[in-house]
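Side chains are part of it too, since the values below use all heavy atoms of this structure and drop only hydrogens, waters and symmetry mates. Order of appearance sets the numbers: ligands from 1, and atoms from 1 within every ligand. This chain uses plain numbering: 1 for the first residue, then up along the sequence.
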Amino acid sequence: MRPETLAVHAGADPDAATGAVAPPIHLSTTFAHGPAAERIAGYEYQREGNPTQDRLETALTALEGGTAALAFASGMAAITAMLEALPNASRILIPDDCYTGLRLLVQDFLGKRGIIATAVDMSDLAAVRAASAAGIALIWAETPSNPRLKIADIAALAQIAHAHGASLVCDNTFATPILQQPLALGADAVMHSTTKYFGGHSDVLGGALVFARRDALYERVAHFRHVTGAIASPFSAWLTLRGCRSLPARMTWHCRNARAVAEFLAAHSRVERVNWPGLSGHPGHAVAARQMRDFGGMLSVQIRGGRDAALAVASKAKLFTNATSLGGCESLLEHRASVEGEHPVSPQNLLRLSVGLEHPDDLIADLRQALA
Ligand SMILES: *Cc1c(COP(=O)(O)O)cnc(C)c1O
């Protein structure tokens, strides 16, 4: 079945007990079992697994074309669970441009286990090969990357990882499985912040891992989640599943609006550079065109005149709300350097835009007045 159909039907069987078409939310923390803990309906305790989370995992598995999925309380919980599965003193590669939380996790926590993480430009395969030479356990990719929208060649990264007996994990939050399926390109697992496009309405936090194989890695991560407890709550799982149903339709609209906004900005005299992989001048355009169905709803723009000029645009925007996060119906804008803490890595003139589902002409009118 095609993604649009899977998004509507995966994990959507009518409730066996009542025939309800919309899935029930099972809030029960515990499930009746036999006198010697024999399972009756497959469940025991909510932290280990629950029916609403199972439905979400069925949908995530189907959409990414994997064999198993694990839903988490947040994207960071999913990243943590995956990286905790690494042996102490592993070497890993992370993108030089990536979600700030990954950088902080590596810097503030994984170092204590002797894990050495090297930041590499994942769009430069020669650099990735050179950084792998000392031996690696894992390559973490994020494509398109946050916030510069760099593109990494997933199939090529999988080859490099596998040549070293390492795994490739892709953060697919920006693209979603509707636009890009890393497992089909050779990745071993996909990570999502479902807080973003899956949830789609800026009202539910969540994360997920989808695995190519139900293997020892999957078992280790599942055990970690069960013991440490960062599951998706039934209500969060239910909201995220509800978001899944309209994900393909929303992504089509996000991509269309982002194209209109990117083309408008690219032609504006106050703009130094637009980072959106759908533009033919983007350095990753050819790879993105090969491995993505469309180019997504995220972009960043670098304003001529530096930090003050960028902040002036951010302060004049009206339809675009100044806020962090992305992937909701409403358009958001953020000066990334201001939220990256003491040592910002984003250029001071960069604004990140999450292009929402409004009419593109209204979005462009807002940006036009903010740039005036
Ligand atoms: C938001 C985000 C995360 C972290 O997810 P949370 O749900 O906020 O914990 C990871 N990667 C990317 C690309 C994100 O945008």
Ligand 1 versus Leu102: contacting region, heavy-atom distance under 4.0 Å: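 For Leu102, no heavy atom sits under 4.0 Å from ligand 1.
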
Taking distance alone, with N or O pairs closer than 3.5 Å, would you say [X] contacts ligand 1?
X      : result
Met76  : yes
Asn146 : no
Gly75  : yes

Given Tyr99, Phe174, Phe198, Tyr197, which one has a non-hydrogen atom that is nearest to atom 3 (C) of ligand 1?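 Result: the heavy atom closest to atom 3 (C) of ligand 1 is in Tyr99.
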
NZ/NE/NH1/NH2 to OD/OE distance under 4.0 Å, Arg256 and Asp294: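 Looking at Asp294 together with Arg256, the answer is no, because their closest N to O distance does not fall below 4.0 Å.
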
Pair Arg352 + Glu340: basic N to acidic O under 4.0 Å: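 The answer is no: the pair does not qualify as a salt bridge.
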
Can you confirm whether Ile151 sits close enough to Ser123 that some side-chain heavy atom of one is under 4.5 Å from a side-chain heavy atom of the other?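 A side-chain contact is absent here, since even the closest heavy-atom pair is not under 4.5 Å.
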
Is Pro51 close to Phe31 at the side-chain level, that is, under 4.5 Å between some pair of heavy atoms?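 A side-chain contact under 4.5 Å exists here.
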
Can you name the atoms of ligand 1, numbered from 1 with element, that are less than 4.0 Å from a heavy atom of [X]?
X      : result
Ser74  : 7 (O), 9 (O)
Thr195 : 7 (O)
Asp171 : 10 (C), 11 (N), 12 (C), 13 (C)

Examine ligand 1 and decide if any of its atoms is less than 4.0 Å from a heavy atom belonging to Leu326.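 The answer is yes, since Leu326 has a heavy atom less than 4.0 Å from ligand 1.
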
Contact with ligand 1 for Gly206, non-hydrogen, under 4.0 angstrom: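 Heavy atoms of Gly206 do come under 4.0 Å of ligand 1.
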
Would you kindly say whether Thr321 and Glu330 are connected by a side-chain donor-acceptor distance under 3.5 Å?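 Side-chain D/A pair, Thr321 to Glu330: absent.
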
Applying salt bridge (charged side-chain N to carboxylate O under 4.0 Å, His left out) between Glu84 and each of Arg220, Arg225, Arg113, Lys112, report the one that passes.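 Among Arg220, Arg225, Arg113, Lys112, the one that satisfies the salt bridge (charged side-chain N to carboxylate O under 4.0 Å, His left out) with Glu84 is Arg113.
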
When rounded to the nearest 0.5 angstrom, what is the spacing between OG1 in Thr324 and CD in Glu334?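 Rounded to the nearest 0.5 Å, the OG1-CD separation comes to 3.5 Å.
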
If we check side-chain hydrogen bond (donor to acceptor under 3.5 Å, both in side chains) with Lys150, which of these qualifies: Thr143, Asn275, Asp97, Asp96?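 The passing option is Asp96.
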
Protein contact of atom 15 (O) of ligand 1 - nearest heavy atom, named by residue and atom, plus distance: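 Looking at atom 15 (O) of ligand 1, the protein heavy atom closest to it is Lys196 NZ, 2.7 Å.
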
